[in-house]
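Just so you know, these numbers use all the heavy atoms, side chains as well, and skip hydrogens, waters and symmetry mates. Source: prediction; values computed, not measured.
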Amino acid sequence: GIQVEQSPPDLILQEGANSTLRCNFSDSVNNLQWFHQNPWGQLINLFYIPSGTKQNGRLSATTVATERYSLLYISSSQTTDSGVYFCAGGGVFYGGSQGNLIFGKGTKLSVKP
Amino acid sequence: DAGVIQSPRHEVTEMGQEVTLRCKPISGHNSLFWYRQTMMRGLELLIYFNNNVPIDDSGMPEDRFSAKMPNASFSTLKIQPSEPRDSAVYFCASTLRGGRNTEAFFGQGTRLTVV
């Protein structure tokens, strides 16, 4: 099955700094998402981005599907950005329907005041 | 829409007892997933359904685990008998397959502790 690698595994930032998180896939994926798991354990949808670039406030994401990677950019980081960031990609097709989401191990981000 | 709804939010049970976790997907979604999250193994897919039919249950750890989706608005994950190593957070997610946008949405999870 598809393997998802995220880097770096841990990241410590000073408030106001920028960062880039990376996600590599071992094979092509048909749907790609970024999530933020907050300190309460909730998985919050950040981006649905099978290809191209999207922006939402201080966050933006780029997926280069042909090269099987995606990047998440966080600008002007805030303490509330702390948590774990996951990327996940879709697997094989079954009878025309898309398969499951395979998760990476995540990047644990700590933003210090 | 209220989003994906899971119950209970927390469950503490004794080893050997039966545990049933419940999930209500987003209305109109036709695919449902059960995931388990532990420190050691991260987020693992246990099983997923498409149009109420189980498509891939290869992630179900053993026969003690079973999942059903009797209709489009309800699914259960059952563990019988439960063991301490089953302690984890169990997430349910749903999505609409077949369209251009297949974004998945997660419930708040059920934190299971087996003592």
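- In this structure, the side chains of A:L101 and B:Y35 come closer than 4.5 Å at one or more pairs of heavy atoms.
- With a 4.5 Å cut-off on non-hydrogen atoms, B:E44 does not touch chain A at all.
- Atom CD of A:E5 has 12 or fewer heavy atoms from other residues, nucleotides or ligands within 6.0 Å.
- Interface summary for chain A: among B:G59, B:A104, B:G107, the most heavy-atom pairs under 4.5 angstrom belong to B:A104.
- Under the side chain to side chain donor-acceptor pair (under 3.5 Å) criterion, A:Q6 pairs with no residue at all, not counting sequence neighbours.
- Between A:Q33 and B:T102 the shortest heavy-atom distance is OE1-O, 4.1 Å.
- Sparse packing is recorded around CD of B:E14, with 12 or fewer heavy atoms of other residues, nucleotides or ligands lying under 6.0 Å away.
- With hydrophobic clusters built from ILVMFWY side chains whose heavy atoms lie under 4.5 angstrom apart, A:I102 does not share a cluster with B:Y90.
- Heavy atoms from other residues, nucleotides or ligands lying under 6.0 Å from CG of B:D63 number 12 at most.
- Using a 4.5 Å cut-off between heavy atoms, B:L43 touches chain A through backbone and side chain atoms alike.
- If you look at A:F103 and B:F106, their ring centroids are closer than 6.0 Å.
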